[in-house]
Amino acid sequence: MTMTLEARNIGVKLGSNEVLHGVDFTARSGRVTAIVGPNGSGKTTLLRAMTGEVAHDGQVRINGADVASLHPWQLAAIRAVQPQSSSIAFPFTVLEIVRLGLSAGLSAAESSVPLKALASVGLAGFAGRMYQDLSGGEQQRVQLARVITQVWEPLVDGTPRWLILDEPVASLDIGHQFTVMDLARDYAARGGGVVAVMHDLNLTAMFADQVILMEGGQVAATGSPAEVLTDETLARTYGCPIPVNTTPPAEVPFLLPQARVTLSVQAG
Ligand SMILES: Nc1ncnc2c1ncn2[C@@H]1O[C@H](COP(=O)(O)OP(=O)(O)O)[C@@H](O)[C@H]1O
Ligand SMILES: [Mg+2]
């Protein structure tokens, strides 16, 4: 059954700063929803409002229920959150970190899920390594393994669970970007919901079903990648010319910001 994660008229003030204003959108299970927008447009704040980490006006509904009416353990059973960055101050092994995801979701202490989750992010064999000794990209994938461990099965009794990810591929090489985006797509294809803040517009075009473009704390555009990733919309939102192209036959939009440089070289 398709269910939704909905933001209704979300407003957030941080200090005297009105960071979000009147934000509305609906993400559907079975789809990958990408939130994009310039630095400081409010993407992280929106995710933090949706996960209850920051006080907000308006309402967030998950699978039809007001998030404010759910207990933390009920929420933890239906959605897992990967923050934009997580620092860990104590010497934990990779497996210890990933197993933190178990406490919220599954109960079996001897579950094989953490090892499967590590393999799914390309970290089979890393279980015994010290987290602090890993590269930034490896640490980021350990965090994703922890998050996916929490909601390993995308459907529970037919009800979708949700992955909420803030820039999950930010420090990954292109091969691991695809690993992670394939994982997100697979999760949605098996009935779960995925909402991810994305920095890379080409990856967004390739992997997202729905795009929410943020600008100045508001939703500037929403729709399919082809609807949102247009020359006019991107030039207006990002403040520079970004020619959008499509590759036949799939009609997947792709972007060449460097065309700007080429144009000025030709002009000179
Ligand atoms: N604690 C805070 N107090 C005041 N302003 C903040 C605070 N946290 C974030 N902001 C501001 O809110 C805006 C949105 O931040 P953020 O949601 O992190 O943006 P994004 O994730 O889109 O880059 C930025 O202008 C940022 O400076
Ligand atoms: Mg952010």
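Indexing begins at 1, ligand by ligand and atom by atom, following the structure's order. Side chains included, hydrogens not; waters and symmetry mates left out as well; all remaining heavy atoms used.
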TODO: Indicate yes or no: does an N/O atom of Gly40 lie under 3.5 Å from an N/O atom of ligand 1?
DONE: yes
Task: Under 3.5 Å: N/O of Asn39 near N/O of ligand 1 - done: no
- [ ] Count the heavy atoms of every other residue, nucleotide or ligand shown that sit under 6.0 Å from NE2 of His21, and state whether that count exceeds 12.
- [x] no
Open item on the list: Looking at Asp200, is its backbone amide N or carbonyl O close enough to the side chain of Thr204 to form a donor-acceptor pair, meaning the two atoms are under 3.5 Å apart?
Closed with: yes
- [ ] Quick one: look at Leu14 and ligand 1, take heavy-atom pairs under 4.0 Å, and tell me if it's side chain, backbone, both or neither.
- [x] both
Task: Residues which pass side chain to side chain contact (heavy atoms under 4.5 Å, CB included) with Gln132, listed by chain and number, not counting sequence neighbours - done: Pro91
Task: Lys13/Asp57 ion pair, N-O < 4.0 Å - done: no
Open item on the list: Give me the atom names and distance for the closest heavy-atom approach of Val180 to Pro168.
Closed with: CG1-CB, 4.2 Å
Open item on the list: Within a 6.0 Å radius of atom CZ on Arg61, are there more than 12 heavy atoms belonging to other residues, nucleotides or ligands?
Closed with: yes
Task: Proximity to ligand 1 by part of Thr45, non-hydrogen separation under 4.0 Å - done: both
Open item on the list: So if I apply the side-chain contact (heavy atoms from CB on, under 4.5 Å) rule between Gln210 and each of Val228, Thr33, Val195, Ile35, which one comes out positive?
Closed with: Thr33
Open item on the list: Quick check on atom 26 (C) of ligand 1 - does any protein heavy atom sit closer than 4.0 Å to it?
Closed with: no
Open item on the list: Please check whether Ser41 reaches ligand 1 - meaning an N/O of the residue sits under 3.5 Å from an N/O of the ligand, judged on distance alone.
Closed with: yes
Open item on the list: Between Gln177 (side chain only) and Leu172 (backbone N and O only), is there a donor and an acceptor less than 3.5 Å apart?
Closed with: yes
Task: Min heavy-atom dist Gly42 to ligand 1 below 4.0 Å - done: yes
Open item on the list: I'd like to know if the side chain of Arg185 and the backbone of Phe207 have a donor-acceptor N/O pair within less than 3.5 Å.
Closed with: yes
Open item on the list: Counting non-hydrogen protein atoms only, what is the nearest one to atom 18 (O) of ligand 1? Give residue, atom name and distance.
Closed with: Thr44 CB, 3.6 Å
Open item on the list: So, at under 2.8 Å, which protein N, O or S atoms would a careful student list around the Mg ion (ligand 2)?
Closed with: Thr44 OG1, Gln84 OE1
Open item on the list: With heavy-atom distances below 4.0 Å as the criterion, list the atoms of ligand 1 near Val19.
Closed with: 12 (O), 13 (C), 14 (C)
Task: Protein heavy atom at shortest distance from atom 11 (C) of ligand 1 - done: Asn17 ND2, 3.8 Å
- [ ] Describe, in one word, how the ring planes of Phe90 and Phe92 are oriented to each other, choosing from parallel (under 30°), tilted (30 to 60°) and perpendicular (over 60°).
- [x] perpendicular
- [ ] Measure the spacing between CG of Asp24 and CD of Gln218 and express it to the nearest 0.5 Å.
- [x] 11.0 Å
